[in-house]
Amino acid sequence: MKNKTSFWLVKQEPSKYSWETFLLDGETLWDGVRNYQARNNLQSMKKNDLVFFYHSVTGKEIKGVAQVIREAYPDPTTDDARWVVVDLKPISTMKNCVSLEDIKSHKDLQDTALVKQSRLSVMPITYKESQVILKLGGIRLQANLL
DNA sequence: GCCAACGTTGGC
DNA sequence: GCCAACGTTGGC
């Protein structure tokens, strides 16, 4: 069932919300997105989709994999109806964090939005790219997650 | 509806 | 801390 799940990548500065904090929280709502393209990606997420968690600015590496546990709903941190959040929970921490350098230098990851659109904070990842990232990260997900 | 000015993001 | 890239805003 390789096409059942979509893959995504979200960025966050660890000084604002780190993977470690996310692990302690157990789950979080992904708030604060104020960009239409990123918002559209949030709205496209389906329950059980898998989301790579990237640390921007400090670290510049993918720390782990999260899963969508609640699909898009209005962002409670604003009255502006345009913005939405999803709920995520961490499911796996990378054995080897996948750095931006790794991604840029890997031939199969050159076309990721992370490389091409450095300012986008929520982006889709293709199935093929996701498999490369998982392999570089040294983790295997349970088959029932894919 | 164009575009200059301005603000923000994020790599370096 | 700088600056390139990009999004948003507002005057015309």
Q | N or O in side chain of A/Tyr54 less than 4.0 angstrom from B/dG11 OP1/OP2 | A | yes
**Q.** Closest listed nucleotide, where the reference is the side chain of A/Gln37 and the choices are C/dG7, B/dG11, C/dT8
**A.** C/dG7
Q. Starting at CD of A/Glu101 and ending at C1' of B/dC12, how long is that distance when rounded to a whole Å?
A. 12 Å
Q: For A/Asp102 and B/dG11, give me the distance from atom CG to atom C1', rounded to whole Å.
A: 16 Å
Q. In terms of side-chain heavy atoms of A/Arg119, which of C/dC6, C/dG7, B/dG11 is nearest?
A. C/dC6
Q. Taking CG from A/Asn41 and C1' from C/dG7, how many angstroms apart are they, rounded to a whole number?
A. 15 Å
Q | A/Asn41-A/Ser44 side chain donor-acceptor pair, cut-off 3.5 Å | A | no
(Q) Let's see if you can work this out: which of B/dG11, B/dG10, C/dT8 has an atom nearest to the side-chain heavy atoms of A/Lys11? (A) B/dG10
**Q.** Whether A/Asp49 side chain and A/Ser6 backbone form a donor-acceptor pair below 3.5 Å
**A.** yes
**Q.** Length of the NZ-C1' vector between A/Lys104 and B/dG10, whole Å
**A.** 10 Å
Q. Counting side-chain heavy atoms from CB outward, which of B/dG11, C/dG7, B/dG10 is closest to A/Asn35?
A. C/dG7
Q) Can you tell me how far C1' of B/dG10 sits from CE of A/Met123, to the nearest Å? A) 11 Å
Q: Starting at atom NE2 of A/His55, determine the distance to atom C1' of B/dT9, rounded to an integer number of angstrom.
A: 17 Å
**Q.** Gap separating the CD1 atom of A/Ile62 from the CE atom of A/Met94, nearest 0.5 angstrom
**A.** 5.5 Å
Q.
Expressed as a whole number of angstroms, how long is the span from A/Glu13:CD to B/dT9:C1'?
A. 8 Å
Q | Shortest side-chain distance from A/Gln117, nucleotide among B/dC12, C/dT8, C/dG7 | A | C/dG7
(Q) Check A/Lys63 with A/Glu20, please: is the shortest side-chain N to carboxylate O separation under 4.0 Å? (A) yes
(Q) Taking the ring of A/Trp8 and the ring of A/Phe53, is the distance between their centroids below 6.0 Å? (A) no
Q: Starting at atom CG of A/Leu120, determine the distance to atom C1' of B/dT8, rounded to an integer number of angstrom.
A: 14 Å
